[in-house]
Amino acid sequence: MNRQYILRFSLCFFLLILGFCPVFSEEKINQADYPENIDFWSDYPNDVLAEIITQRMTNEELLAQILMFGWSGAEPTPLLNAWVEDRALGSVKVFGWNTDDIYLVAKSITELQKKAQTCRFKIPLYVATDQEGGSVRHVKGDTSDTPGNLAIGSGGYPQDAYYTGYYIGLELRALGINMNFAPTIDIYSTIESTVIGPRSFGENPEYTGILGASWAKGHADAGIIATAKHFPGHGDTDVDSHGALPIIDIDEETLFSRELVPFMSLIESGVPAIMTGHISFPKIVPNGEPASLSKSFVTGILRNKLGYEGLVITDDIMMQGAWQYAGVVSNVVRLAIEAGNDIVISSSTAGLNEALWRNNLQLMSTDESFKKQVTTAAHRVIKSKLDYFKGENPVPLYPDVSKVDASIPAPGSEDFFFQQACRSISALKTGTFPYTSEMASKEKVLLCGQFFAYGDELVKRYPNADIYSYKYNMDNENLSKYLSELPYYARKFDTVIFCVSDPGSARLAKSLKDSGCKVIIISILSPNYVIDLDFADTILLAYSYSDFSFQAVAAALAGEIDISGNLPITLPKKED
């Protein structure tokens with residue numbers, strides 16, 4: 001890491017205090033001192049009101065308050081509406097399967113919040129999503145498609161992290177979304193970690209903590225509850241917890257000196273929520289349980305050793321990394337609560353009487369210690385909601401659909417994200433560089449890529465170039481077809497500018513090694529795919545398929561802007 005890169009952090013980092021740390025009180029309230037009609041909006045101190053409401057709640061209301069369900073269609077299902085209206089569900093999540101219509105998202109959130117206000121205690125919903133920036137952007141439509149965390153890490157400026165969090169937050173705010181499962185502060189511990197990949201700020205734990213805290217501060221200033229994830233760290237594995245339980249074979253000393261460093265930084269800065277990951281650490285907890293369901297991790301390490309007092313939220317319990325260990329979903333919920341999580345997320349909405357609900361409600365009536373855990377979690381959720389919704393800058397319960405167009409993209413965001421993308425572009429190798437329009441006019445040029453914006457931006461600089469398109473995440477049949485034809489086709493050209501984004505495109509690029517043409521590689525997403533491409537004349541790194549990143553890397557290649565980014569991970573040397 002060069003001196004200039006380090007100075008950027010030293011000069012720009014500032015102490016971040018968010019102040020969302022609810023604490024459960026053991027002191028009991030004398031209910032006779034308070035009227036029967038108290039609800040969330042009654043005028044009492046937040047700690048007193050949280051205690052009154054929690055004590056008055058039925059078992060059903062307590063359990064519902066700590067559940068978060070999502071919807072997968074264009075708008076909430078009748079079942080989700082019933083959970084909110086009839087069961088007083090505590091939280092909902094907007095998933096990315098069908099969210100192109102942002103006006104319908106805002107309208108749906110308004111309707112759900114209105115239903116929540118018809119319940120006995122009128123407790124508003126936490127409405128969450130995954131809007132990390134970069135490749136993870138669940139709410140689509142006209143929301144900003146940003147360069148992402150690894151691009152921020154390459155640029156090295158905490159203010160880029162801050163304004164990314166701020167602008168993304170403003171857009172979520174316009175839709176009525178008040179909680180976001182970001183920033184991702186997993187360390188890029190191993191080059192094979194393409195599951196996290198460009199979602200990480202980089203390999204340096206201290207810098208990741210600084211950038212993550214800056215990102216969360218931007219969210220707080222936009223009025224959004226940031227959620228640091230995936231505790232205790234998902235970066236040292238190439239296994240995706242959506243499909244299996246990842247195993248990270250490190251000891252506790254490594255965990256505390258590497259994976260937990262960013263979490264310590266964000267805890268110190270007051271991050272209001274932390275998400276637990278479905279990841280197993282057998283050298284630390286040998287029974288194989290994922291950290292999300294482990295009392296040793298959630299209560300022992302996160303609460304007791306790190307002193308965290310904010311909300312703890314599970315990753316989606318429908319991921320195989322969760323129920324592969326627990327066996328059935330109702331057990332996942334039970335174990336998550338017993339571990340010390342405050343909110344349990346399910347990407348699908350459970351039936352009103354499914355085992356997830358029925359079994360755990362029954363356990364509350366027979367196991368006093370389990371009921372106490374549910375009550376403690378519900379109290380912490382309600383107290384945090386009181387602090388947030390009665391605080392200085394909460395997201396309005398009912399978003400104004402008429403103002404969505406003026407708020408998304410957030411004013412000023414487009415210029416910022418382009419400039420941020422320019423600061424992020426880095427070079428792994430520079431041969432004949434820059435490759436100017438004048439140079440290209442004297443050669444036959446071929447542009448190879450999977451994304452429209454990639455071709456559009458390069459054609460602006462090299463208007464006489466031919467285009468060869470292939471699919472992103474291509475299957476074996478398509479890859480075989482391209483491998484058989486591209487090397488021969490490329491021999492007609494002097495220069496090939498090739499976009500690499502995944503293993504298939506990396507193999508296709510490698511097939512040009514003996515084609516006799518000059519090869520320029522533009523890497524997006526995870527940089528590890530270019531390790532075997534050192535035969536190329538030039539390799540530039542852009543870190544995302546955002547239009548802003550394509551604009552920036554095309555400008556850099558053509559010599560219109562200087563390259564100032566620094567690759568925030570260490571690529572291993574190619575083996576001979």
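Numbers here are sequence positions counted from 1.
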- For Phe69, does the CZ atom sit with more than 12 other heavy atoms under 6.0 Å from it, leaving out its own atoms? yes

- Give a yes-or-no answer on whether the side chains of Lys385 and Gln65 include a donor-acceptor pair shorter than 3.5 Å. yes

- Measure the shortest side-chain to side-chain distance between Arg334 and Asn359 over non-hydrogen atoms and say whether it is less than 4.5 angstrom. no

- Closest non-hydrogen contact found for Ile224 with Ile177 is CD1-O, 3.2 Å

- Message: Is it true that Tyr103 and Asp405 share a donor-acceptor pair across their side chains at a distance under 3.5 Å?
- Response: yes

- May I ask you to check whether Ser384 and Asp387 show a side-chain donor-acceptor distance below 3.5 Å? no

- Ignoring hydrogens and geometry, is there a side-chain-to-backbone donor-acceptor pair from Arg303 to Tyr308 under 3.5 Å? yes

- Message: Could you measure the distance from the CD1 atom of Ile337 to the CG atom of Leu63? Nearest 0.5 Å is fine.
- Response: 5.5 Å

- What heavy-atom pair brings Ser144 and Ser413 nearest, and what distance separates the two atoms? OG-OG, 3.6 Å

- Message: Any heavy-atom pair between the side chains of Pro232 and Phe297 that's under 4.5 Å?
- Response: yes

- Query: So, for Ala222 and Leu170, which heavy atoms are closest and what is the spacing to 0.1 Å?
  - Reply: CB-N, 3.7 Å

- Query: What pair of heavy atoms forms the shortest contact from Ala213 to Leu266, and how long is it?
  - Reply: N-CD1, 3.5 Å

- Is there side-chain contact between Tyr157 and Ile152, with heavy atoms separated by less than 4.5 Å? no

- Note on the structure: Shortest non-hydrogen pair, Pro399 vs Ala106, comes out as CG-O, 3.4 Å

- Message: With a 4.0 Å cut-off on N to O distance, would you call Asp367 and Lys371 a salt bridge?
- Response: no

- Measure up the Trp41 and Phe389 rings against each other and bin them: parallel (under 30°), tilted (30 to 60°), perpendicular (over 60°). perpendicular

- Message: With a sphere of 6.0 Å drawn around NZ of Lys403, does it hold more than 12 non-hydrogen atoms of other residues, nucleotides or ligands?
- Response: no

- Message: One pair to check against side chain to side chain donor-acceptor pair (under 3.5 Å): Glu171 and Thr143. What are the steps and the verdict?
- Response: CA-CA 7 Å; Glu171 293 177 0; Thr143 63; 4.7 Å; no

- Query: Cut-off 3.5 Å, side chains only: do Asn149 and Thr184 have a donor facing an acceptor?
  - Reply: no

- Nearest-0.5 Å distance, OH of residue Tyr163 to CZ of residue Phe416: 8.5 Å

- For Asn178 and Tyr126, indicate whether the former's side chain and the latter's backbone hold a donor-acceptor pair under 3.5 Å. no

- Query: Would a 4.5 Å heavy-atom cut-off, applied to side chains only, mark Trp357 and Leu352 as touching?
  - Reply: no

- Task: To the nearest 0.5 Å, tell me how far Ile109 CD1 sits from Thr129 OG1.
- Result: 8.5 Å

- CD1 of Ile53 to CG of Leu62, rounded to nearest 0.5 Å, is 11.5 Å

- Note on the structure: Interatomic distance, CD1@Ile210 vs CG@Asn204, rounded to 0.5 Å, equals 8.0 Å

- Message: side-chain contact (heavy atoms from CB on, under 4.5 Å), that's the test. Do Ile123 and Glu61 meet it? Break it down for me.
- Response: CA-CA 11 Å; Ile123 302 171; Glu61 288 168 325; over 6 Å; no

- Query: Is the side chain of Ser91 donor-acceptor paired with the backbone N or O of Leu125 at a distance under 3.5 Å, no angle test?
  - Reply: no

- Item | Val332 vs Tyr325 side-chain heavy atoms within contact, under 4.5 Å | no

- If you measure from the Lys or Arg side-chain nitrogens to the Asp or Glu carboxylate oxygens, is any gap between Glu132 and Lys229 under 4.0 Å? yes

- How far apart are the C-alpha atoms of Val92 and Trp83, what are their side-chain angles, what is the distance that settles it, and do they pass the side-chain contact (heavy atoms from CB on, under 4.5 Å) test? CA-CA 10 Å; Val92 297; Trp83 269 97; over 6 Å; no

- Message: Strictly distance-based, threshold 3.5 Å: is any side-chain N or O of Gln117 a donor or acceptor partner for the main-chain N or O of Lys122?
- Response: yes

- Side chains of Ile313 and Phe181: does their closest heavy-atom pair fall under 4.5 Å? yes

- How are the rings of Phe95 and His138 set relative to one another: parallel (under 30°), tilted (30 to 60°) or perpendicular (over 60°)? tilted

- Query: Has the side chain of Asp342 got a donor or acceptor atom that lies under 3.5 Å from a matching backbone atom of Val312?
  - Reply: yes

- Thinking salt bridges, do Glu252 and Lys305 make one under a 4.0 Å N-O criterion? yes

- Please name the pair of heavy atoms, one in Val271 and one in Ala226, separated by the smallest distance, quoted to 0.1 Å. CG2-O, 3.9 Å

- Do any N or O atoms from the side chain of His278 and from the backbone of Thr314 form a donor-acceptor pair under 3.5 angstrom? no

- Verify the distance criterion only: is there a donor paired with an acceptor across the side chains of Gln55 and Glu51 at less than 3.5 Å? yes

- Item | Ion pair check, Glu111 and Lys115, cut-off under 4.0 Å | no

- Message: Within the supplied structure, the quantity of interest is the number of heavy atoms (other residues, nucleotides, ligands) at a distance under 6.0 Å from Lys107 NZ; does it exceed 12?
- Response: no

- Student check: side-chain heavy atoms of Arg199 and Ser135 closer than 4.5 Å: yes

- Task: Please work out which of the three classes, parallel, tilted or perpendicular, describes the rings of Tyr166 and Tyr162, given edges at 30° and 60°.
- Result: parallel

- Task: Starting at CG of Leu49, measure out to CG of Leu386 and round the result to the nearest 0.5 Å.
- Result: 5.0 Å

- Donor-acceptor pair, Asn341 side chain versus Val298 backbone, under 3.5 Å? no

- Answer yes or no: is there a donor N or O on one side and an acceptor on the other, between the side chain of Asn180 and the main chain of Gln131, under 3.5 Å? yes

- Ser200 side chain vs Asp186 backbone, donor-acceptor pair below 3.5 Å: yes

- Message: Between Thr208 and Val261, is the side-chain contact (heavy atoms from CB on, under 4.5 Å) condition met? List the steps.
- Response: CA-CA 8 Å; Thr208 297; Val261 170; over 6 Å; no

- Query: Is there side-chain contact between Pro262 and Ile187, with heavy atoms separated by less than 4.5 Å?
  - Reply: yes

- Side chains of Ser108 and Glu75, donor plus acceptor under 3.5 Å: no

- Does the pair Lys140/Asp145 count as a salt bridge with the N-to-O cut at 4.0 Å? no

- Item | Gly165 backbone acceptor or donor facing His219 side chain under 3.5 Å | yes

- Item | Step-by-step side-chain contact (heavy atoms from CB on, under 4.5 Å) determination, Asn360 to Ser330 | CA-CA 7 Å; Asn360 287 286; Ser330 64; 4.2 Å; yes

- Message: Can you confirm whether Asp43 is buried at CG, in the sense that more than 12 heavy atoms of other residues, nucleotides or ligands lie under 6.0 Å from that atom?
- Response: no

